[in-house]
Asker: 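Please see the structure below; I have some questions.
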Amino acid sequence: MQFLPKTLLAAAAFAVLAAAPAFAGAADDAITARQACMKANGGAMGAMVPMIKGEKPFDAKVVADALGKAEAACAGWAGWWGADTQKGDKVETWAKAEIWTDAAGFEAAGAAYGKGFAAVKAATDDASFKAAFNEFGGSCKGCHEKFRRPKE
Ligand code: HEC
């Protein structure tokens with residue numbers, strides 16, 4: 001690269017420095033954290049679906065453990081949806097713009113999830129578990145339909 005003028009080289013070096021994650025990162029961290037929370041929710045579903053299908057008997061401990069993991073992974077929820085997280089720097093997000101244009105709707109979808117979560121957590125037998133599961137599972141769908149882009 002000897003033929004490049006010195007100033008251009010300096011400019012190129014500066015561009016690389018500027019692209020380094022000095023301020024970048026905060027949005028990526030929030031996106032990564034909320035996706036991990038969602039993965040834990042997927043894990044909770046994975047633990048519960050066999051009981052819904054009748055492949056496994058209802059087991060309150062398995063349900064409680066799965067919910068506990070989701071709860072722990074989602075503990076920081078409120079801090080992950082700043083307007084600056086609509087797009088990641090290095091991390092891709094499937095969050096839709098509607099989260100920010102319809103904040104009340106997004107909050108309501110979160111509240112429906114909280115209600116379903118409490119219901120499955122409180123289930124004591126197969127019948128109450130199945131009824132609560134519909135509410136819980138429905139809350140995932142309800143939010144995703146409005147607020148998440150499908151992954152191709
Ligand atoms: C209040 C809204 C809301 C609720 C409720 C919700 N999700 Fe999500 N979910 C999202 C959004 C938004 C994304 C995309 C996040 C991103 O990419 O930044 C997502 C992404 C996901 C993903 C993909 C994560 C990844 O690796 O990229 C899974 C799996 C998932 N959700 C499962 C669930 C399950 C299971 C439930 C219910 C038990 C649920 N979600 C409830 C909003 C919600």
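Read the numbers this way: they start at 1 and go in the same order the structure lists the ligands and their atoms.
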Asker: Determine whether more than 12 heavy atoms belonging to other residues, nucleotides or ligands lie under 6.0 Å from atom NZ of K130.
Answerer: yes

Asker: Between E71 and K121, does any NZ, NE, NH1 or NH2 come within less than 4.0 Å of an OD or OE carboxylate oxygen?
Answerer: yes

Asker: As an exercise, identify every atom of ligand 1 less than 4.0 angstrom from a heavy atom of G110.
Answerer: 1 (C)

Asker: Just jot down the ligand 1 atoms closer than 4.0 angstrom to any heavy atom of W81, in number order.
Answerer: 12 (C)

Asker: Less than 3.5 Å apart, any donor N or O on the side chain of S128 or D125 sitting next to an acceptor on the other?
Answerer: yes

Asker: Relative to each other, are the rings of F106 and W77 parallel, tilted or perpendicular (30° and 60° limits)?
Answerer: parallel

Asker: Please state whether the rings of F117 and F136 are parallel, tilted or perpendicular, taking 30° and 60° as the class boundaries.
Answerer: perpendicular

Asker: Around atom 8 (Fe) of ligand 1, how many protein N, O or S atoms are closer than 2.8 Å?
Answerer: 2

Asker: So if I count the atoms of ligand 1 from 1 in the order they appear, which ones are less than 4.0 Å from some heavy atom of I99?
Answerer: 12 (C)

Asker: Could you tell me which atoms of ligand 1, counted from 1 in the order shown, lie closer than 4.0 angstrom to a heavy atom of S139?
Answerer: 5 (C)

Asker: Atoms of ligand 1 less than 4.0 Å from F106 heavy atoms?
Answerer: 1 (C), 2 (C)

Asker: Check for me whether K151 has a heavy atom closer than 4.0 Å to any atom of ligand 1.
Answerer: yes

Asker: Relative to the heavy atoms of R34, which atoms of ligand 1 are at a distance of less than 4.0 Å?
Answerer: 16 (C), 18 (O)

Asker: For ligand 1, which atoms have a heavy atom of M45 less than 4.0 angstrom away?
Answerer: 35 (C), 38 (C)

Asker: Could you tell me whether W77 and ligand 1 have an N or O pair separated by under 3.5 Å?
Answerer: no

Asker: By number and element, which atoms of ligand 1 are closer than 4.0 Å to a non-hydrogen atom of F147?
Answerer: 12 (C)

Asker: Out of curiosity, I31 CD1 to Q86 CD, how far, rounded to the nearest 0.5 Å?
Answerer: 10.0 Å

Asker: How close does the nearest protein non-hydrogen atom get to atom 16 (C) of ligand 1, and which residue and atom is it?
Answerer: T93 OG1, 3.2 Å

Asker: Can you name the residues that form a disulfide bond (SG atoms under 2.5 Å apart) with C143, not counting sequence neighbours?
Answerer: none

Asker: Under the disulfide bond (SG atoms under 2.5 Å apart) rule, collect the residues that match up with C140, sequence neighbours excluded.
Answerer: none

Asker: So that I can tick it off, tell me whether D65 and K61 are bridged by a salt bridge, with the cut-off set at under 4.0 angstrom between side-chain N and carboxylate O.
Answerer: yes

Asker: What donor-acceptor contacts under 3.5 angstrom involve side-chain atoms of residues 93-100, with partners at least two apart or in another chain?
Answerer:
residue	atom	partner	partner atom	Å
T93	OG1	R34	NH2	2.9
T93	OG1	A95	N	3.0
W100	NE1	W81	O	2.7
W100	NE1	G82	O	3.4

Asker: Between CG of D29 and CH2 of W80, what distance do you get to the nearest 0.5 Å?
Answerer: 11.0 Å

